[in-house]
Asker: 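Have a look at this one before I ask anything.
Just so you know, these numbers use all the heavy atoms, side chains as well, and skip hydrogens, waters and symmetry mates. Throughout, a chain's letter reflects where its sequence line sits, starting with A, and its residues are numbered from 1.
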Number of protein chains: 2
Amino acid sequence: MQPKLRDIAKDLGVSTATVSNALSGNGRVSVELRDRIRAKATAMAYSPSLQGRALRTGRSGVIGLILPDISNPLFPAFAQSIEAAAEKVGYGVLIADSHGNTDGQNDALLRMMRQGADGIVIIPRRGTRMKDLGLPVAVVDTPSTPENSASADHQDGGRIAAQHLQDLGHKKIALIADSRNSSVQNDRIEGMKEAMNPDTEYCVFWQEDNRRLDFVSLVAEGYTGFIATSDLYALSALTQLQRGGISVPGLASVMGFDDLAFSAAIAPSLTTLAQDTDQIATHAIACLTAQIEGTAPVQKVVVPMTLIKRDSTKAAPET
Amino acid sequence: MQPKLRDIAKDLGVSTATVSNALSGNGRVSVELRDRIRAKATAMAYSPSLQGRALRTGRSGVIGLILPDISNPLFPAFAQSIEAAAEKVGYGVLIADSHGNTDGQNDALLRMMRQGADGIVIIPRRGTRMKDLGLPVAVVDTPSTPENSASADHQDGGRIAAQHLQDLGHKKIALIADSRNSSVQNDRIEGMKEAMNPDTEYCVFWQEDNRRLDFVSLVAEGYTGFIATSDLYALSALTQLQRGGISVPGLASVMGFDDLAFSAAIAPSLTTLAQDTDQIATHAIACLTAQIEGTAPVQKVVVPMTLIKRDSTKAAPET
DNA sequence: CACGATTGATAAAACGTTTAATCAACCGAA
DNA sequence: TTCGGTTGATTAAACGTTTTATCAATCGTG
């Protein structure tokens, strides 16, 4: 049986209140007794019952993490970072999958509240207005989302990507995105457009209507650069080109976003823009704990994305 | 403020005990009163405080999920399945990352216990002996792990894979695995070996020493079939071959395991062996709840893997 | 020396639920 | 009528912690 406060108290002949005070440093306890109690506590490997504490204080020591789709290859990295950051400040992490839709998202929120989460980190669906839950929330999305608490600078990432290909001499660039429903992808595309020189030709290809793009014929049309809003689409493009006999990066350069698990492992390795998930997670958690513990609010933060140059981008071929 | 048991009780002029009994169906309450209480409860949108209940019953309603490495591309699918299965039976899921090592795994276990998890689902590191924690545990690994509770039949998956390529006429097959430290990979390789015909040449290439394999020169040596223990390595092989000008599946067939997120999206799409994570998760959760609630123990289960034929495997080229 | 302030510790209540023990009322049977 | 048994509800304790109010003792000061 785990030792309780009472056990320590009885052993030392003091009251449980004193023990509690000694351990938390809250009330008034003489230094000598405090040390004696703390020593005893560690000796007995005492660890407070979170349930008892939760009942009394109304705080469970758990935060909820709501992801639009756990199986999205980017989110594992986030989940890992969030878990690490939360653990560092003594919180557990409860996960929920919103199955990509708004209903699921609300269900998940409700479930988390029932479970007694002290706060929520959420990566929202586009267009979901975070109504006030009476619960601290940290939103991780894009800087253009008003409620956003911490995120990468996706728009600037877009700029960097477009700049990179143009610096390499590419004059006709295809931008590949999945769905207009993602604020992140929109911001990335927006950034790319912004950084385009007046004499650069480009076109955005949205894949949301599920039509498969034919990248090989795009090359025939003169495209030499491809920027996808995710490494997943970049991979799709890259393999399709290779299969069509188009050398990457010899005849076409391909780059993506997020530095997914496979991106370094493929041939050619994929040039990509990475976000610092650790930093974002740490900040999101800081925002949350500030709200929970009522300390000074933390500034929103926007973390720059960094270009990882690999082998899939090269100077444009001579025409 | 959330309504409490007392609020319902006061409103109806009964005792909190009666309300509790009416809602749980445990004690003795007249049918009429029971219905009246239940109606009132739903009308007030009552939901019991998990903390209060936890303190009294000693059960928190959350289970812990410990993953060796969240960023491994297979685990998201698992996490999602586990979360769904747990939610269905009313449990929340607390995640922890064991950072791939045994110490991290023990830390994670301890943290989960402190957090008051009622049980643990763990995907263990190879060779970790699950010491008795005094806490229900469900292990998800491979059938060859003695403590395993639910898993795919990885060995049989290996057999199916080897059979598939041999059926297509491949005579010289390269088996690609990452690390001997994974029971799963070992079982898959073992199954492949088992299914090899006497006249089939094959060789196992372990990548654990981080040497990059040169798949192109393997083709020059006469290999026409490649089976990787993960789609990740299969992808690596596939792109390397394509880059080297070797047509897949024209000159070489490539297949992998686990049907990762990208596997259907690449060109050619990847033939792979998939595991039914939902079924495995449901069963793992069933094992756990059986232990937690002290009901009849659930049989261990081994779920067959299914071959997903796509475009990366084809009949071996004529020699 | 007396009195207010400070220090060090305790007692007791509270958080919201479940459950064992209790109790009153009613019923049927001897 | 009386008594054991059943029914329907209540009372009170318990889970483990934190915290407010209380109290005794010591201290400093006028």
Asker: Quickly work out the B:R34 CZ to D:dA9 P distance and round it to whole Å.
Answerer: 11 Å

Asker: Measure from CG on B:N21 to P on D:dT10 and round the result to the nearest Å.
Answerer: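 Nearest whole value for this atom pair: 10 Å.
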
Asker: Does B:H154 use its side chain to pair, donor to acceptor, with the backbone of B:N186 at less than 3.5 Å?
Answerer: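 No: the side chain of B:H154 does not pair with the backbone of B:N186.
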
Asker: Backbone N or O of B:R28 within a donor-acceptor pair of the B:N21 side chain at under 3.5 Å?
Answerer: no

Asker: Using whole Å, what does the distance between atom C1' of nucleotide C:dG8 and atom CD of A:E32 come to?
Answerer: 12 Å

Asker: Taking all non-hydrogen atoms of both residues into account, name the closest pair between A:A152 and A:Q275 and its distance.
Answerer: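 Closest approach of A:A152 to A:Q275: CB-OE1, 3.5 Å.
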
Asker: Give the rounded distance in Å between these two atoms: CZ of B:R36 and C1' of D:dA9.
Answerer: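 For the pair B:R36 CZ and D:dA9 C1', the rounded distance is 13 Å.
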
Asker: From the options D:dA9, C:dT17, C:dG8, select the nucleotide whose nearest atom is closest to the side chain of B:R28.
Answerer: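 Side chain of B:R28 sits closest to D:dA9.
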
Asker: Are A:T57 and C:dC15 close enough that a side-chain N or O sits under 4.0 Å from OP1 or OP2?
Answerer: no

Asker: Rounded to whole angstroms, how far apart are CD on B:Q51 and P on C:dT18?
Answerer: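 Interatomic distance, CD of B:Q51 to P of C:dT18: 13 Å.
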
Asker: Once you round it to whole Å, what is the distance between P of C:dG16 and CG of B:L23?
Answerer: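 Spelled out: CG on B:L23 to P on C:dG16 is 16 Å.
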
Asker: So, is A:S20 close to the D:dT18 phosphate, meaning a side-chain N or O under 4.0 Å from OP1 or OP2?
Answerer: yes

Asker: Under 4.0 Å from OP1 or OP2 of D:dT19: is there any side-chain N or O of A:N26 that close?
Answerer: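 For D:dT19, OP1 or OP2 has a side-chain N or O of A:N26 closer than 4.0 Å.
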
Asker: Which of residues 5-18 of chain A sit near DNA chain C, with a heavy atom under 4.0 Å from it?
Answerer: A:G13, A:V14, A:S15, A:A17, A:T18

Asker: Can you check whether any acceptor in the base of C:dT17 is under 3.5 Å from a donor in the side chain of B:R56, or vice versa?
Answerer: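 No.
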
Asker: Hey, does the side chain of B:R53 come within less than 4.0 Å of C:dT18's phosphate (OP1/OP2), counting only N and O?
Answerer: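 Yes, such a contact exists.
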
Asker: Check whether any side-chain N or O of B:D118 sits under 3.5 Å from a backbone N or O of B:S60 as a donor-acceptor pair, and report yes or no.
Answerer: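 Yes; at least one donor-acceptor contact below 3.5 Å.
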
Asker: Using modelled atom types and a 3.5 Å cut-off, is there a donor and acceptor pairing between side-chain atoms of B:S81 and backbone atoms of B:A77?
Answerer: yes

Asker: So what does A:L33 hit on the nucleic acid, given a heavy-atom distance under 4.0 Å: a base, only sugar-phosphate, or nothing?
Answerer: sugar-phosphate

Asker: Between P on C:dT19 and CG on B:L55, what's the gap in Å once rounded to a whole number?
Answerer: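 Rounding to the nearest Å, CG of B:L55 and P of C:dT19 are 13 Å apart.
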
Asker: Within this structure, what is the CZ-to-C1' distance between A:R59 and C:dG16, rounded to whole angstrom?
Answerer: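 Between C1' of C:dG16 and CZ of A:R59: 18 Å.
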
Asker: In this structure, are over 12 heavy atoms from other groups packed under 6.0 Å from A:Q299 atom CD?
Answerer: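 Check fails, neighbour count at 12 or below.
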
Asker: Does one side chain, of B:S15 or B:T18, offer a donor that lies under 3.5 Å from an acceptor on the other?
Answerer: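 Side chains of B:S15 and B:T18: pair found under 3.5 Å.
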
Asker: Using only side-chain N and O atoms of B:Y46, determine if any of them is under 4.0 Å from OP1 or OP2 of C:dG16.
Answerer: no

